[in-house]
Student: 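I have a structure I would like to understand better, so I am pasting it below and will then ask my questions one at a time.
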Amino acid sequence: MAASPPIPAPLATRFAPSPTGFLHLGHLRSALFAWRAAREAGGRFLLRIEDIDATRCRPEYAAAIPEDLSWLGLGWDGPVRVQSAHLAEYRAVLEHLSARGLLYPCFCTRAEIAREWAAIGAAPHGPEGVPYPGTCRRLSATARTARLAAGEAYALRLDMAAALAEVSGPLFFEEVGEGPVRCDPAAFGDVVLARKDTPASYHLCVTHDDAAQGVTLVTRGEDLKRATELHRLLQALMGWPVPFYRHHPLLLGPDGRRLAKRDGAVAIRTLRASGMGPAALRAMAGEEG
Ligand code: GLU
């Protein structure tokens with residue numbers, strides 16, 4: 001294990017599920033990881049409900065999260081932060097970046113983006129699939145104003161080149177047990193920071209909230225490790241503190257793929273209804289000892 005500098009005390013971790021379904025064993029692994037890190041260090045374990053995407057999140061799933069965690073014996077510290085109650089804060093970040101000329105409205109549909117790449121020939125691959133070809137970045141001011149005035153729906157994208165020009169030197173984050181990880185945010189291209197149907201993106205809200213809540217150690221599944229490179233850029237642009245990170249291996253389903261909602265049988269409530277207790281579930285989610 002590479003030695004990382006000590007994480008300043010008091011440590012604060014968080015569990016930040018999106019209520020798009022009932023919690024399953026994969027979530028439990030993440031929650032346990034964060035809870036244990038906080039409890040072992042005498043720190044704080046925070047709970048945040050990431051319900052910014054109203055098209056996928058449901059109140060009944062959000063309501064079930066604290067209930068499931070309490071039953072499992074994973075108590076959290078302080079009030080639960082619910083992202084949908086903080087839209088003004090995300091809007092303020094977007095306005096701040098926009099005033100610096102780092103955002104632009106994008107009117108493209110997915111189909112238009114796919115057609116654009118097909119016309120170019122070969123689409124590159126970024127950490128989140130094919131990056132945006134930059135079509136709306138090149139719109140003239142007149143065309144942009146006309147489309148906005150016509151009430152066309154738009155997303156807000158980060159002008160990656162302009163953003164990188166504001167940051168001096170390469171960016172790194174500290175992965176506990178591994179050491180500094182060099183970031184390549186350019187690979188994401190002009191990412192969406194506010195979608196047409198959602199007031200702010202996961203990337204923006206999660207990075208804002210970790211700073212706002214004073215999280216010092218972000219623990220989450222390793223599928224989000226690449227995203228941290230983009231989060232590090234947002235931290236640099238906004239002057240937010242940079243937490244330590246620890247990405248844990250995912251729990252895999254019977255098919256060898258990561259556990260997901262499709263594996264409905266592993267929902268905590270289903271297992272609980274079948275008579276299993278908290279200790280057995282925690283063991284199934286990979287709690288050692
Ligand atoms: N809300 C995200 C999810 O449920 C997790 C975000 C994070 O831990 O950074 O996948």
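Indexing begins at 1, ligand by ligand and atom by atom, following the structure's order. Nothing here was measured: the structure is a model prediction, and the numbers come from that model.
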Student: Suppose clustering is done on Ile, Leu, Val, Met, Phe, Trp and Tyr with side-chain heavy atoms closer than 4.5 Å. Which residues sit in the same group as Val218?
Tutor: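 Val218 clusters with Leu46, Phe173, Val181, Val215, Tyr245.
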
Student: What are the polar N/O contacts of ligand 1 with the protein below 3.5 Å, with distances?
Tutor:
{"unit_1": "ligand 1", "atom_1": "1 (N)", "unit_2": "Ala16", "atom_2": "O", "d": "2.7"}
{"unit_1": "ligand 1", "atom_1": "1 (N)", "unit_2": "Ser18", "atom_2": "OG", "d": "2.9"}
{"unit_1": "ligand 1", "atom_1": "1 (N)", "unit_2": "Glu50", "atom_2": "OE1", "d": "2.6"}
{"unit_1": "ligand 1", "atom_1": "4 (O)", "unit_2": "Ser18", "atom_2": "N", "d": "3.2"}
{"unit_1": "ligand 1", "atom_1": "4 (O)", "unit_2": "Ser18", "atom_2": "OG", "d": "3.3"}
{"unit_1": "ligand 1", "atom_1": "8 (O)", "unit_2": "Arg14", "atom_2": "NH1", "d": "2.8"}
{"unit_1": "ligand 1", "atom_1": "9 (O)", "unit_2": "Arg14", "atom_2": "NH2", "d": "2.9"}
{"unit_1": "ligand 1", "atom_1": "9 (O)", "unit_2": "Tyr202", "atom_2": "OH", "d": "3.0"}
{"unit_1": "ligand 1", "atom_1": "9 (O)", "unit_2": "Arg220", "atom_2": "NH1", "d": "2.8"}

Student: Any non-hydrogen side-chain atom of Leu148 less than 4.5 Å from a side-chain atom of Pro105?
Tutor: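 A side-chain contact exists here, since the closest heavy-atom pair is under 4.5 Å.
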
Student: Does Phe107 have more than 12 heavy atoms from other residues, nucleotides or ligands lying within 6.0 Å of its CZ?
Tutor: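 Yes - once you tally the heavy atoms of other residues, nucleotides and ligands closer than 6.0 Å, there are more than 12.
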
Student: Can you confirm if the NZ or CZ of Arg157 lies within 45° of the ring axis of Tyr132 and under 6.0 Å from the centre of its six-membered ring?
Tutor: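 Yes.
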
Student: Heavy atoms, side chains only, cut-off 4.5 Å: are Val93 and Thr207 in contact?
Tutor: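 Not touching, per the 4.5 Å side-chain cut-off.
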
Student: Suppose we call two aromatic rings close when their centres sit under 6.0 Å apart. Are Tyr202 and His231 close by that rule?
Tutor: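 Between His231 and Tyr202, which both carry aromatic rings, the centre distance is below 6.0 Å.
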
